[in-house]
Amino acid sequence: MSRQFVTSPGMMVYVDGVFTDEAKYEPVELIRASRTVVRVGLMLLTAGSGSYRVKSAMAQVGAALGMTSVQAQVTVNEVTVTCHRGPIYRTEIAQTRTIGVNSQRIKHLQNYCELLTPLGEHAEQPVVDQRLADIEKELDRIESRGLLYSAWPNAFFAAVACAAFAFLNNGGPVVISAVFLAAGLGQLTRRAFLHKGFNQLAVTMMSAAVASGVYLALSNLLFSLGVVETLHDSGYVSAVLFLVPGFPLMSASLDLSRLDFSAGLSRLAYALLIMISAALSVWAVSATFGLEPTPTEPITLSVFALFAFRCLASAAGVWGFAMIFNSPWKIALWAAFIGMVANVVRLLLVDNGFVVQGAAFFAGLIVGVLANIIAPRIRVPRLTLSVPAVVIMVPGAAGYRAIHYLNSGDTLQALAYGVEAVFIVIAIAIGLTLARSVTDINWLRLGRETQ
């Protein structure tokens, strides 16, 4: 008669009609160790890390606990892990409902996992137990760390980032000021409801409605008072760009470049859902006011002034996004430098007749090369430098306009903006991938996961 195993609480299994101690069939030490490996993967997933880093960290922890191999499959919020110790193995599946970005957590976890030294398969059990206790203690310490910035500073960072976007989208002082206030209130709304456990898509729609509604209300008020001559229709798109899912979008692109379809496609689906949720809300608000997100004419500045303001706006925008991602100041400033260089080069190329996709590729290449050079020297993950640096180049405005025109029935305009947005994101991802490939030969070896 074949045996049937049914897991029950308390490390017991149901075997042939009776509950039996699971340790008779599988070492309890491997069970505890495999759960620690899974815990590391979930902590990195909730912090926004890419699948290759999640797999690598789990493999490092597994090796440090005497496992011969750790095989994993990762999606945007799930991990399936098989841990081998000689002929014995254990498979676990875990899921998290929390999807966010926490650069500080990624940094601490990566640095800690890289310091772990492997234990052999035949390491003595007391040694393995002590190592396991040390790892669990460190994970508890990392997990107990709160966010670096409270709600109001976090809202300020979003306001700075979107105000910088407003300038780069040809907004003047009035538009920049209105976007600053609207984006700050939108991010404040977003953070408050997310921390209360509300559905992320609903919170995104609510935050987009607050940001775009506040901007359009301010614009109408200033217009009625005669302070401005036009309503600056397109400014409200800049006010919601703090909702652009830059981390999952770029992580999805990099995962797909590694042929990791389960992770890449799930992240891409999540990013698209966030953008669609925000765009639908923005469209509803703009339709109420009877406005369209049409691009504005460039502002008139001297060549030197334009260059200086572009440098300032690019650095400020990247810095703001890095701080929203809970980055320490050191990481945020380095990301701002990298993003400033890359984005100004991109804008100069476009000004001189270069195709926007080609300019985006070179910008992504610059970001990737600089991040891959700087990150190891300051002991931070490459992702925490490269993603904030390219977020300011992600065509969020074009994406929102595509959905706006699609909802309005203007298919040709929607298709034009949609194709533009997709190809720019692809070009940036290709630039980042090429940079990683030329600076890290292991990246080209698809059979190995690297940091």
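Just so it is clear, the model here is predicted, and its values are computed rather than measured. Numbers here simply count residues along the sequence, with the first being 1.
The shortest side-chain heavy-atom distance between Val203 and His195 does not fall under the 4.5 Å cut-off. Looking only at side-chain heavy atoms (C-beta outward), Val387 and Val101 stay at 4.5 Å or farther from each other. Using a 4.5 Å cut-off on side-chain heavy atoms (C-beta onward), Leu201 and Ile274 make contact. Side chains of Leu259 and Phe261 form a contact here, defined as non-hydrogen atoms less than 4.5 Å apart. Using a 4.5 Å heavy-atom threshold, the side chains of Asp255 and Val74 count as separate. Side chains of Val40 and Gln60 form no contact here, defined as non-hydrogen atoms less than 4.5 Å apart. Using a 4.5 Å heavy-atom cutoff, the side chains of Arg382 and Leu254 are not in contact. Arg105 places a side-chain heavy atom less than 4.5 Å from the side chain of Glu143.
Within the model, atoms CD1 of Ile142 and CG of Leu109 stand 4.5 Å from one another, a figure rounded to the nearest 0.5 Å. We find the CH2-CH2 distance between Trp319 and Trp329 to be 4.5 Å, quoted to the nearest 0.5 Å. With rounding to the nearest 0.5 Å, the separation of OG in Ser386 from CD1 in Ile338 is 8.0 Å. Rounding to the nearest 0.5 Å gives a distance of 9.0 Å between SG of Cys83 and CZ of Arg90. The structure places CG of Leu241 at 6.5 Å from CZ of Phe321, a figure rounded to the nearest 0.5 Å. One finds the CZ atom of Arg267 at 9.5 Å from the CZ atom of Phe247 (value rounded to the nearest 0.5 Å).
Contact record, Val175 with Ala166: CG1-CB, 4.4 Å, taken as the closest heavy-atom pair. When every heavy atom of Thr204 is checked against every heavy atom of Leu243, the shortest pair comes out as O-CD1, 3.8 Å. The shortest heavy-atom contact between Gly48 and Ile106 is C-CD1, 4.2 Å. In plain terms, the two heavy atoms of Met275 and Pro245 that are nearest each other are CG-CD, 3.4 Å. The shortest non-hydrogen separation linking Val318 to Gly339 is CG2-CA, 3.9 Å. Of all the heavy atoms in Ala239 and Cys162, the pair that sits closest is O-SG, 4.1 Å.
A donor-acceptor pair under 3.5 Å is absent between the side-chain atoms of Ser56 and the main chain of Tyr52, judged by distance alone. Ser266 places a side-chain N or O within 3.5 Å of a backbone atom of Val76 that can act as its donor or acceptor partner. Between the side chain of Asn77 and the backbone N or O of Ile99, no donor-acceptor pair lies under 3.5 Å. With Ser253 contributing its side chain and Leu249 its backbone, the two residues share a donor-acceptor pair below 3.5 Å. A donor-acceptor pair is defined here as one N or O able to donate and one able to accept, closer than 3.5 Å; such a pair exists between the side chain of Thr46 and the backbone of Met43. Ser144 places a side-chain N or O within 3.5 Å of a backbone atom of Arg141 that can act as its donor or acceptor partner. Remark: side-chain polar atoms of Ser277 are not paired, donor with acceptor, to backbone N or O of Met205 under 3.5 angstrom.
The aromatic rings of Phe337 and Trp334 lie perpendicular to each other, with more than 60° between the two planes, well past the 30° mark. Ring pair Phe193/Phe198 is perpendicular by interplanar angle, where above 60° counts as perpendicular and below 30° as parallel.
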Exercise. Might you work through the side chain to side chain contact (heavy atoms under 4.5 Å, CB included) test for Met393 and Val367, ending with a clear yes or no?
Key: CA-CA 11 Å; Met393 295 178 257; Val367 168; 3.7 Å; yes
Practice problem: Would you please test Asn102 and Arg145 for side chain to side chain contact (heavy atoms under 4.5 Å, CB included) and show each step? | Solution: CA-CA 11 Å; Asn102 189 332; Arg145 284 176 173 265; over 6 Å; no
Quiz prompt | CA sep, side-chain torsions, deciding dist, call: Phe354, Phe361, side chain to side chain contact (heavy atoms under 4.5 Å, CB included) | solution = CA-CA 11 Å; Phe354 217 79; Phe361 163 77; over 6 Å; no
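Under 3.5 Å, the side chains of Gln71 and Tyr89 contain no donor-acceptor pair of N or O atoms. Side-chain contact check for Ser103 and Ser327: at least one donor-acceptor pair (N or O, by modelled atom type) lies under 3.5 Å. Asp260 and Ser262 share a side-chain donor-acceptor pair at under 3.5 Å.
Val210 pairs in a side-chain contact (heavy atoms from CB on, under 4.5 Å) with only one of the listed residues (Leu188, Thr189, Val240), which is Thr189.
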